[in-house]
Amino acid sequence: HHHIVFLKTHKTGGSTVQNLLFRLAEKEGLTFAFPYFTYQFGYPQRFREEFVDELPPGASQFDILCSHMRLDLPQLRRMMPADSIYLTILRDPVSTFESVFSYYASMVPAFTLVQNRASDSPGGPDQRQLLAAFLASPESYYDPADPSNGLARNPMTFDLGLGPREWNASWAGELAKLAEAFHLVMIAKHFDESLVLLKELLQLDYQDLVYVELNARPGPDRAQPDEELRARVRSWNALDVLLYEHFSRLFWEKARRYGLRRLAEGVRELRALARRTRRRCLQREGVPPGELEDLLRPWQPNSATILGYDLRGNLSAQEQGSCLRLVLPELQYHSYLYFQQYGR
């Protein structure tokens, strides 16, 4: 059976991939490496073996790890099987940063400072104005010495374990090391293409890859940056731009090796199956949190609204089980799997 390490990067579509891996692992009866007492591995510290809960009785090794962490390859390799497949996902740096800024507004000190200074103004600014205020003079809000500011600049680079220190002669070498370590770096903008390549890599069925988009915000809540603001986001997150461009290139090399026509056929097949499944399972999409029952309500940061799904009422017991898992938010699914594994 599978051995998988998924580096779940922040605000890149990682929750949707994680849900798919949760379902696969549950189906295969895999042993999870779970964080000790929480949902993230000691974040924002680099991953360490001691952040992982103990092996459950009867298990000789961990098979899968897919919770948030800051990458440390040597530490991971010490505890995960040698034949593990390493996966992660990257997203366009402008979209990533806008999403991180909105979602973590009250958790990342640099972002909180902007909120506080702006909240003195009457009427209160919207997301776009706050983002513009931050990017007008980011250095005045951002303290690089505070580890809680890891996501405030180059968040994807930070999650991959690189920092401003590596931004020098060794940068190309660091990228090459990552490219060698990861069997597939998915690209959010080409999510379905990424899944078809994942299918080939893990020898899965299309049924294993059906998904709904998790952790989405309502359209009006997303700051729509104009060209000038986009340019500022890119220059503040220049390492993420380089990282993303590097792995986009490698992604299309992989896609061409797989065969672009074959890839397009796979995407069509996956989308058709996903449409059928969503029709069968879902009553409503994009449901506001206040209208969702507790089990189906995604965690709500106090700075953003996260939408969810309502299931149809007339599902058979078997359909109920598979449809529920499809839309189950991360914390609820994690807690359920943790309980299945440890009985606590």
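Just so it is clear, the values below take in all heavy atoms, side chains as well, and ignore hydrogens, waters and symmetry mates.
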With clusters defined by side-chain heavy atoms of hydrophobic residues (ILVMFWY) lying less than 4.5 Å apart, directly or transitively, does Leu243 cluster with Val241?
no
If you take all heavy atoms of Ile306 and Pro301, which pair is closest and at what distance?
CG1-CD, 3.7 Å
Are Thr112 and Tyr141 linked by a side-chain donor-acceptor pair shorter than 3.5 Å?
no
Lys189 vs Ser248, test: side-chain hydrogen bond (donor to acceptor under 3.5 Å, both in side chains). Steps then yes/no.
CA-CA 10 Å; Lys189 187 173 154 191; Ser248 290; over 6 Å; no
For Ser95 and Asp92, does a side-chain donor sit closer than 3.5 Å to a side-chain acceptor?
yes
Should the heavy atoms of other residues, nucleotides or ligands under 6.0 Å from CD of Glu180 be counted, would the total exceed 12?
no
State whether a side-chain donor-acceptor pair under 3.5 Å links Ser102 with Arg217.
yes
Same cluster (ILVMFWY, side-chain, under 4.5 Å), Leu295 and Leu315
yes
Is a donor from one side chain sitting under 3.5 angstrom from an acceptor on the other, for Asn149 and Arg153?
no
Please say yes or no: joined through hydrophobic side-chain contacts below 4.5 Å, possibly via intermediate residues, are Phe32 and Tyr36 part of one cluster?
no
Carboxylate-amine/guanidinium proximity below 4.0 Å for Arg128 and Asp226:
yes
Relative to the ring of His10, is the ring of His68 parallel (under 30°), tilted (30 to 60°) or perpendicular (over 60°)?
parallel
State whether Arg344 and Asp53 are salt-bridged, where the test is any N-O pair (Lys NZ or Arg NE/NH1/NH2 against Asp/Glu carboxylate O) under 4.0 Å.
yes
Is the NZ or CZ atom of Arg70 both under 6.0 Å from the centre of the six-membered ring of Phe158 and within 45° of that ring's axis?
yes
Identify the two heavy atoms, one from Leu229 and one from Leu135, that lie closest to each other, and give their separation to 0.1 Å.
CD1-CD1, 3.9 Å
Stepwise, does the side-chain hydrogen bond (donor to acceptor under 3.5 Å, both in side chains) test hold for Tyr39 with Ser335?
CA-CA 9 Å; Tyr39 301 102; Ser335 301; 3.2 Å; yes
Residue pairs passing the ring-ring contact (aromatic ring centres under 6.0 Å, His included) test where at least one lies in residues 266-285, sequence neighbours excluded:
none
With heavy-atom distances below 4.5 Å as the criterion, would you say the side chains of Leu326 and Thr277 are in contact?
yes
Heavy-atom closest contact (Leu184 atom, Ser194 atom, distance)
CD2-O, 3.8 Å
Would you name the heavy atoms of Ile89 and Thr9 that are closest together and state the gap between them?
O-OG1, 2.7 Å
Using 4.0 Å as the upper bound for N to carboxylate O, is an ion pair formed by Arg77 and Glu49?
no
Considering only NZ, NE, NH1 and NH2 on the basic side and carboxylate oxygens on the acidic side, decide whether Arg284 and Asp310 come within less than 4.0 Å.
yes
Donor-acceptor contact present, side-chain Gln18 to main-chain Cys66, <3.5 Å
yes
Determine yes or no for a side-chain-to-main-chain donor-acceptor pair under 3.5 angstrom, with Trp236 supplying the side chain and Ala152 the backbone.
yes
Non-hydrogen side-chain atoms of Leu87 and Val5 separated by less than 4.5 Å:
no
Return yes if some donor-acceptor pair links the side-chain N/O of Thr96 with the main-chain N/O of Arg91 below 3.5 Å, else return no.
yes
With a 4.5 Å limit on heavy-atom distance, are the side chains of Pro56 and Gln340 in contact?
no
Between Asp192 and Arg271, is there a side-chain N and carboxylate O pair less than 4.0 Å apart?
yes
Using modelled atom types and a 3.5 Å cut-off, is there a donor and acceptor pairing between side-chain atoms of Glu285 and backbone atoms of Leu307?
no
Evaluate the side-chain proximity of Phe111 to Phe101: yes if any heavy-atom separation is below 4.5 Å, no if none is.
yes
Does any N or O in the side chain of Ser148 come within less than 3.5 Å of the main-chain N or O of Val108, such that one atom is a donor and the other an acceptor?
no
So, applying ring-ring contact (aromatic ring centres under 6.0 Å, His included) with Phe34, which one of Tyr333, Phe41, Tyr338 is it?
Tyr338
Test item: side-chain donor near acceptor, His3 and Gln61, under 3.5 Å:
yes
Salt bridge flag under 4.0 Å for residues Glu319 and Arg279:
no
Out of the candidates Arg325, Lys27, Arg23, only one should pair with Asp208 under the salt bridge (Lys or Arg N to Asp or Glu O under 4.0 Å) rule; please name it.
Lys27
Determine the minimum heavy-atom distance between Ala33 and Met79, stating which atoms define it.
CB-CE, 4.0 Å
When Leu7, Leu65, Leu71, Leu76 are each screened for side-chain contact (heavy atoms from CB on, under 4.5 Å) with Tyr86, the one that passes is Leu76
Looking only at non-hydrogen atoms, find the nearest pair between Leu130 and Val114 and report the distance.
O-CG1, 3.6 Å
More than 12 heavy atoms from other groups under 6.0 Å of OH on Tyr342
yes
Among the clusters formed by ILVMFWY side chains lying less than 4.5 Å apart, do Leu162 and Val185 turn up in the same one?
yes
Taking the side chain as everything from C-beta on, heavy atoms only, tell me whether Gln75 gets closer than 4.5 Å to Phe51.
no
Asp240 vs Pro155 side-chain heavy atoms within contact, under 4.5 Å:
yes
Quick check: are there more than 12 heavy atoms from other residues, nucleotides or ligands sitting under 6.0 Å from CD of Glu50?
yes
Does the Lys NZ or Arg CZ of Arg262 fall within the cation-pi geometry relative to Tyr258 - under 6.0 Å from the ring centre and within 45° of the axis?
yes
Are Arg278 and Tyr211 in a cation-pi contact, defined as NZ or CZ under 6.0 Å from the six-membered ring centre and within 45° of the axis?
yes
